[in-house]
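Okay, structure first, notes after.
Order of listing sets the numbers, starting from 1, for every ligand and every atom in it. One is the number of the first residue; the rest follow in order along the sequence.
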Amino acid sequence: MRPKILVTRKISDLAEKKLEKEFDTTLNLKDEPIPESELINIVKDYDGMISTGFDKISESFFKNLNGKLKIIAQVGVGYDNIAIKFAESKKIKITNTPNVLNEAVAETTILLILAASRRIGEAYNLVRTDNWKNQKPDLTKFMIGNSVTGKTLGIIGMGRIGRIAAKYARAFGMKIIYYNRNKLSNDLEDGASYYSDIKDMLPKCDFVSIHTPATAETKHILNFSTISLLPRHAVVINTSRGSTIDDDALIDALENKKIYAAGLDVFNNEPNLDKRYLNLDNCFVLPHVGSATHETRLAMSMMAVDNIYCFFNGKPLISEVV
Ligand code: 8YV
C-alpha cells in the first residue's frame, strides 16, 4: 500500500503530478482553505501532509492525532503557523523550504525600499484615480521622495534572505550594517558591519529591514523604544513576519512623522491587518507576496514533495525543522 498524502492547498501542478506518481494523494484542487477543526478529522486517514503558511496547525491538531500521521512538509520557510513543540512531542517530522525563496523575498525587499522611499504608493494612486491632471507639477514638491543610492541599510537578521537582500542593496551603493545573534564570518559579512546590540545600530539606519523568523525573541523587535532610536528620515521594511513589529509603535511613528516611511509585506493577524495602515500615505503595503513568483512557488512546492519522497523512502530529508 502506498502512503496516503494530504495536500492542504493547491500547490504547483508539476509538484502535484510528481506526488501523485509516488503516493496515494489527495489534492485540494479547488484550493478551498480547510479550517483546522476539519483538518483535525480529515488528517486521521493520512500518513503525510503537505501544508502551507496559511494553515493553522496548533496544539489541538497534534493532541487529536491517532498515530498515523508521520510527517508534515510545509511549503514555506517560516513555520510559525505550526505548534512545533507539540509536533516534536508526538514525533511528527516537520520540514520546510529554505533557500529556494531567498531571491524572491530579497527582490520584494528592494521593491519595498524603492516604493516606500520614492512614494510609489501615492504616485501610483494619483495616476490610477486619474488625479494626476489635477496636480501642479512643482519641481521641488511634486512627489519628491528620498534617494536610495548611497544610503545605509540596517539588516535585522543576517540569515540567508538578509544576506541576499544586502547583496542586491549593494548594487544601489548602499552601505550594509547588521544586527544578528552572532557575528558572521568575513566571507558571509561581505563588508557589512556588525552590531551586537540593535540599539546601537538603529540610529545609524537610513533604512532598516527585518529578516528574522517569528520567535518569542523577535516578537516586537521594533517597538516604541527601538523605533524611537531611528532617525526621522528612516524607512522601515518588513518581509519577515508581522509579529516582529508592534503595530501601535510603528503606526504612531508614521502618523507623527517620527520616521519617514514604511514598506510592509507582512502584518500581524493577516489578512486582517490593522486598518490604520491603510490611511497612511507614507506606508506602502503588499499582501504577503514576498515569495510569490511562478519559479519560486514551483521550487517550494517541489521541495516539499521531495521531503515527503525522501521520508517515505528512508532517505535523508532535504530540510528538517524537527
Ligand atoms: C509564503 C512565507 O507566502 O515561506 C514563507 O515563510 O512567508 C511565504 O513564502 C507562505 O508561507 C506559503 O506557505
Could you pull out all donor-acceptor pairs under 3.5 Å where a side-chain atom in residues 144-167 meets a protein atom, sequence neighbours excluded?
unit_1, atom_1, unit_2, atom_2, d
K151, NZ, S147, O, 2.7
R163, NH1, M158, O, 3.2

Check ligand 1 against the protein and report each N/O to N/O distance under 3.5 Å, formatted as atom name, atom name, distance.
unit_1, atom_1, unit_2, atom_2, d
ligand 1, 3 (O), R297, NH2, 3.2
ligand 1, 4 (O), V77, N, 2.8
ligand 1, 6 (O), V77, N, 3.4
ligand 1, 6 (O), G78, N, 2.7
ligand 1, 6 (O), R241, NH2, 2.8
ligand 1, 7 (O), R241, NH1, 2.8
ligand 1, 7 (O), R241, NH2, 3.1
ligand 1, 7 (O), H288, NE2, 2.8
ligand 1, 9 (O), S291, OG, 2.6
ligand 1, 13 (O), G53, N, 2.7
ligand 1, 13 (O), V75, O, 2.5

Please list every donor-acceptor pair under 3.5 Å in which a side-chain atom of residues 58-70 meets a protein atom from a residue at least two apart or in another chain.
unit_1, atom_1, unit_2, atom_2, d
S58, OG, E36, OE1, 3.1
S58, OG, E36, OE2, 2.7
S58, OG, S60, N, 3.4
S58, OG, S60, OG, 3.2
E59, OE2, K63, NZ, 2.4
N64, ND2, S60, O, 2.7
N66, OD1, K68, N, 3.2
N66, ND2, K44, O, 3.1
K68, NZ, D47, OD1, 3.3
K70, NZ, G67, O, 3.2
K70, NZ, K68, O, 2.8

Would you confirm whether the ring centroid of Y195 sits within less than 6.0 angstrom of the ring centroid of Y178? no

dist T244:OG1 -> K219:NZ (nearest 0.5 Å) comes out at 10.5 Å

Any donor-acceptor pair under 3.5 Å from D246 side chain to H220 backbone: no

Kindly write out the residues that satisfy ring pair (Phe, Tyr, Trp, His ring centres under 6.0 Å) with F207, not counting sequence neighbours, or none if the list is empty. none

